[in-house]
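For reference, the structure discussed in these notes is given below.
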Amino acid sequence: MTSFAPNAMTMLIDRPVRYDLAESTCPSLRPSELADPAELADVLLGYGTSRGDAELRALIAARSGVAADQVLVTVGAVAAMFLLAQATCGTGDRVLLATPCFPPARSVPEGLGAVVDEVPLSFDEGYRLPVAEVAAALTPRTRLVSVASPQNPSGVRFTEAELRALLDVVAVRAPEAVVFVDETYRESTYGDALAPSSVAAMSPRVVTCASLSKAYGAPGLRLGWLTTTDAELYERVREAKFVSAIACSTLDEFLGARVLRRAEEVLGARARLLRQALDELLEWTRDQPVEIVRPDGGAICCLRLPQDRFPDAAVTEFYARLDKLDARVGRGSWFGEHDRVFRLGFGHLPLDDFRVGLDRLADALGAA
């Protein structure tokens, strides 16, 4: 029987707090920013297609460096993750996962009966990809290799050289494996920095996913996508989507296309906010008893409570104090890290609220 492990991260959507520094999104869009009410009134609420709206796929393809018929629109990036695992992994097959990670990256293949082999990335090493350790963990039974770039929770981006080295070792040690690269935060940049190119066309072995949720600030549309240049794999995943969801919401797809038509405007406004918030966060950390890995992209980063200041009992007390202050960060254990590491989001709250959230975080830290 397929079952999925309980996930404490559900509190992000099920238990709101006033100063939520755990959330990983940018400021949310409103429908009124995307379309007039009269335009919405003309949208037919019939079935879409299993591939997804043609204009939407063309817009995604142009930003990903692939053809429109190599894009599958999904119900968020998490659905892309689920569909790919379902299409590639059977009971007893192996999945190699770089951790810490977005929790469903582990729970989905485990729930489908696969064996998950983890390769831990290190805070002290800046969460770089340890290619030698990955090579040692691969087996001929590995069917899926799962990474994210930028990573969740750290916001660290892998270099092109790291990803090409990963593809090289997979080709030798796990020749039947697909390399899945979660690019959800790829277009979430800081200031005037340009987003790096997608790796969607790097190899037929590569499958990517992304969504409108994080960089674009539209998680309520529940729209993501999967890309693959392998036509046979595309068809398997498309069929899996059809039998599980049939199609995505036509209203969501209509609004999603409106978001991507204005991508530079939407992303630019959020990049400017993230630049300011990240600069303030980095300045704040200079006076706090924490360590930080500076992120490359996304509205997230990892901080750590030093062992010499925070023994294990003090870590538990820190989270309890923060909860009493109506504030929250993302515990490391949500992602497969120690709880002395936590994810901090710096794009979700308005800047004034973000500053108050940092003050409350400082209060929780200072009582240690």
Side-chain angles (χ1 to χ4, degrees), residues 9 11-30 33 102 150-157 184-185 187-193 195 211-220 265-305 318-332 334-335 337 339-368:
M9 198 176 183
M11 70 174 61
L12 281 179
I13 60 172
D14 293 335
R15 189 174 73 82
V17 298
R18 178 65 181 85
Y19 298 100
D20 197 346
L21 298 174
E23 187 53 81
S24 59
T25 59
C26 289
S28 294
L29 288 165
R30 297 178 183 274
E33 298 177 67
F102 180 49
Q151 300 163 43
N152 183 4
S154 70
V156 172
R157 182 185 300 120
T184 296
Y185 298 94
E187 294 189 286
S188 187
T189 59
Y190 311 138
D192 296 328
S211 77
L212 296 180
S213 297
K214 308 299 185 179
Y216 290 90
E265 175 189 349
V266 172
L267 292 171
R270 283 149 183 78
R272 290 188 290 275
L273 182 146
L274 292 183
R275 174 76 278 162
Q276 184 174 351
L278 178 57
D279 286 347
E280 292 190 20
L281 172 62
L282 293 171
E283 181 66 27
W284 176 88
T285 61
R286 293 190 178 99
D287 298 320
Q288 301 299 326
V290 293
E291 301 162 318
I292 185 170
V293 173
R294 186 168 184 151
D296 300 311
I300 51 174
C301 62
C302 280
L303 284 75
R304 183 168 68 180
L305 308 174
F318 159 73
Y319 286 110
R321 287 193 299 271
L322 194 59
D323 187 60
K324 291 179 181 178
L325 294 168
D326 204 16
R328 177 168 63 200
V329 294
R331 290 173 177 258
W334 293 359
F335 310 96
E337 257 284 16
D339 267 347
R340 69 176 55 259
V341 175
F342 59 86
R343 184 179 80 177
L344 189 145
F346 50 90
H348 175 66
L349 294 173
L351 277 172
D352 287 345
D353 287 348
F354 177 63
R355 292 165 184 143
V356 175
L358 290 181
D359 288 342
R360 296 196 175 200
L361 181 58
D363 289 345
L365 290 167

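Only heavy atoms go into these numbers, but all of them, side chains included; no hydrogens, no water, no symmetry mates.
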Discussion item. When you compare the side chain of L282 with that of I292, does any pair of heavy atoms fall below 4.5 Å?
Written reply: yes
Discussion item. Just so I know, are the side chains of V290 and R304 near enough to count as touching, which here means a heavy-atom distance under 4.5 Å?
Written reply: no
Worksheet, complete the sentence: The reported gap from CZ in R286 to CD in Q288 (rounded to nearest 0.5 angstrom) is 12.5 Å
Item to complete: Write down the atom of A299, the atom of C26, and the distance for their closest heavy-atom approach.
Response: CB-SG, 4.4 Å
Worksheet item: Would you find a donor on one side and an acceptor on the other, under 3.5 Å apart, between the side chain of R270 and the backbone of V266?
Response: yes
Worksheet item: If you draw the axis of the six-membered ring of Y319, does the NZ or CZ of R331 fall within 45° of it and under 6.0 Å from the ring centre?
Response: yes
Response to the item:
CG of L351 to CD of Q276, rounded to nearest 0.5 Å, is 4.5 Å
Item to complete: Would you name the heavy atoms of F335 and P153 that are closest together and state the gap between them?
Response: CG-CG, 3.8 Å
Fill in: Ring centres under 6.0 angstrom apart (F318, F342)
yes
Worksheet item: Side chains of L358 and L344: closer than 4.5 Å at any heavy-atom pair?
Response: yes
Practice prompt. Could you tell me which non-hydrogen atom of E187 sits nearest to which non-hydrogen atom of L267, and how far apart they are?
Written response: O-CD2, 3.6 Å
Worksheet entry | Beyond-backbone contact of T184 with S213, side-chain heavy atoms, under 4.5 angstrom | no
Worksheet item: Is the number of heavy atoms from other residues, nucleotides or ligands under 6.0 Å of D192 CG greater than 12?
Response: no
Worksheet item: Pairs in or reaching into residues 348-359: which pass side chain to side chain donor-acceptor pair (under 3.5 Å), with residues at least two apart or in two chains?
Response: R18-D353, T25-H348, E280-R355, D352-R355
Worksheet item: What residues, two or more places apart in sequence or in another chain, satisfy salt bridge (Lys or Arg N to Asp or Glu O under 4.0 Å) together with R294?
Response: none
Worksheet entry | Closest heavy-atom pair and its distance - L322, L361 | CD1-CA, 3.9 Å
Worksheet item: Side-chain contact, heavy-atom cut-off 4.5 Å: P150 with D296?
Response: no
Discussion item. Testing the basics here: between G298 and Y190, what is the closest heavy-atom pair and its distance to 0.1 Å?
Written reply: O-OH, 2.6 Å
Worksheet entry | Spacing of CG belonging to L349 relative to CG belonging to L273, to within rounding of 0.5 Å | 10.0 Å
Worksheet item: Should Y216 and S188 count as side-chain neighbours, where that means a heavy-atom distance under 4.5 Å?
Response: no
Item to complete: Run the salt-bridge test on D323 and R15 with the 4.0 Å N-O cut-off and return the result as yes or no.
Response: yes
Fill in: CG on L278 to CZ on F346, rounded to 0.5 Å
4.5 Å
Worksheet item: Which atoms form the tightest heavy-atom contact between L21 and F354, and what is the distance?
Response: CD2-CD1, 3.7 Å
Item to complete: Can you spot which of K214, Q151, R343 makes a side-chain contact (heavy atoms from CB on, under 4.5 Å) with I300?
Response: R343
Discussion item. Rounded to the nearest 0.5 Å, what separates atom CG in D279 from atom CZ in R275?
Written reply: 4.0 Å
Worksheet item: Heavy atoms, side chains only, cut-off 4.5 Å: are M11 and R328 in contact?
Response: yes
Worksheet entry | side-chain contact (heavy atoms from CB on, under 4.5 Å) assessment of C301 paired with L281 | CA-CA 10 Å; C301 62; L281 172 62; 3.6 Å; yes
Worksheet entry | Residue pair D20 / L12, side-chain heavy-atom distance below 4.5 Å | yes
